[in-house]
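This report concerns only the one structure given below.
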Amino acid sequence: MRILSGIQPTGRFHWGNYFGAIRQYIALQDNEQAFYFIADLHALTTVRDPALLQEYSREAAIDLLALGLKPEQATLFRQSDVPEISELTWLLMTVTQMSLLEKCHAYKDKQAKGLAADAGLFTYPVLMAADILLYDSDKVPVGVDQVQHIEVARDIAGRFNAMYNAEALHLPEAYVVESTAKVPGTDGEKMSKSYGNTIELFQPAKKLRKRIMSIKTDSAALEDSKVPETCSVFTLYQLFADEQQQNALADRYRAGGMGYGEAKQTLYEAAMEYFAPARERREQLVANIDQVEDILQAGATRAREKGREVLDRVRAACGLSAQGQ
RNA sequence: ACGGGUGUAGCUCAAUUGGCAGAGCACCGGAUUCCAAAUCCGGCGGUUGGGGGUUCAAGUCCCUCCGCCCGUGCCA
């Protein structure tokens, strides 16, 4: 059973990324054959600064490894290190109906906002389909908002197979990761880069503390009884604390006499402790950056091996010569 | 494709007959606050869409290319 997941390096990872997605994806590496890639080709539609894209891609690899991705179990690679992706994208594009892409929400959203959409954004679901199909992926863990794109991949694969009367492409299934964790940002809205309310995972301790202190609260006085359920600080604390610790803090909220400043300090300490091992691993990785590059190269080699196999099947099906021979 | 409009800081927009590129918001730092918010103080931020020309001097005038918006046409 092969699972596949990609993440766009469009910025530094934050708590929302981790608790909403990364954590669940990494957990799957133990039971499945996992392919994880850094979707730099996708990021290209957003990040227009070459130096920045390179930095984000490298940081993404470091972060994922620091957060527990085991390269000896899972295959980690950079999307752009697998050129077979681009070739498969073209082949798929020739069987993709315009109407299918016009329905996709990333494109529709941008149109609705009156923003300029380029062909990259429009055809992005085809690239995503290629990402998935190139490795005969069985399951693709995604959030609910991405299920549509998996359906697109299935549609394209099915259409290709039917058109050429071949079993060249393996139909993947969406594996919906129910993100049980609520991760509010510093303004109380859902944590998201586009809201500018994120708390970055690996920022320096001092910055992190400052960021946590800036979380929006109500103006209840120090001695007032407070409601933990509606407080972002408490909601975030739940991500790091066990049930007993959560109950203890909730009791202090309700009792009154504890201010939000103290709650934030508690949250800060809990977060620092929670991510301490990852921070330590990260420091080691940064000190051995060559090792990270080696891991990515080894991952790319493995990914290309599988990709070549599938691509040859696809090429043969539509009448192109097989390259691998 | 033609016509009109438009392009200035991350965002919304100023800038007199051609005369030192600015403000508000956002962001960062400080004061204040249990923390945050509000308020006050300070700071960062620019190839004025690109290129060429006129001029002592161009955001401003001329040429050219590009992006975006509106209208019309062409093609099915």
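To find a chain, count down the sequence lines: A is the first, B the second, and so on, and within it residues start at 1.
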Pairing partner of B:C11 (Watson-Crick or G-U wobble, both distances under 3.5 Å) = B:G24
Does a salt bridge link A:Lys306 with A:Asp136, judged by any charged N lying under 4.0 Å from a carboxylate O?
-> yes
So what does A:Lys264 touch, heavy atoms closer than 4.0 Å: a base, only the sugar-phosphate, or nothing?
-> base
May I ask you to say what A:Ser219 touches in the nucleic acid, namely base, sugar-phosphate or nothing, with a heavy-atom cut-off under 4.0 Å?
-> base
Could you tell me whether A:Phe240 and A:Phe275 have their ring centroids closer than 6.0 angstrom?
-> yes
Quick one: label A:Lys207 by what it contacts on the DNA or RNA (base, sugar-phosphate, nothing), any heavy atom closer than 4.0 Å.
-> nothing
Is there a Watson-Crick or G-U wobble partner for B:U33 with both distances under 3.5 Å, and which nucleotide is it?
-> none
Inter-nucleotide P distance (B:C44, B:G30), Å rounded = 16 Å
Complement of B:U54, any strand, by Watson-Crick or G-U distances under 3.5 angstrom | none
P atom, B:U16 versus B:G10: distance in rounded Å?
-> 22 Å
Establish, with yes or no, whether the OP1 or OP2 oxygen of B:C28 is under 4.0 angstrom from a side-chain nitrogen or oxygen of A:Arg211.
-> yes
Ring centres of A:Tyr25 and A:Tyr36 under 6.0 Å apart?
-> no
So, do A:Phe19 and A:Tyr274 have ring centers that fall under 6.0 Å from each other?
-> yes
Considering only side-chain heavy atoms of A:Lys210, which listed nucleotide, B:A36, B:G30, B:C34, is closest?
-> B:G30
Look at A:Lys226 and B:C35 and indicate whether a side-chain polar atom (N or O) is within less than 4.0 Å of OP1 or OP2.
-> no
Salt-bridge criterion met for A:Glu262 and A:Arg252 (N-O under 4.0 Å) = yes
In whole Å, what separates the C1' atom of B:A26 from that of B:G71?
-> 36 Å
Can you tell me, in whole Å, how much space there is between the P of B:U48 and that of B:G59?
-> 7 Å
Across all strands, who's sitting opposite B:A1 as a Watson-Crick or G-U wobble pair, both distances under 3.5 Å?
-> B:U72
Using a cut-off of 4.0 Å on non-hydrogen atoms, how would the nucleic acid contact of A:Leu222 be classed: base, sugar-phosphate, or nothing?
-> base
If the P atom of B:G46 is compared with that of B:C11, how far apart are they to the nearest Å?
-> 13 Å
Watson-Crick or G-U wobble partner for B:U6, using a 3.5 Å limit on both distances?
-> B:G67
For B:G18, the Watson-Crick or wobble counterpart (both distances under 3.5 Å) | none
Here the distance between atom C1' of B:C27 and atom CD of A:Glu200, to the nearest Å, is 14 Å
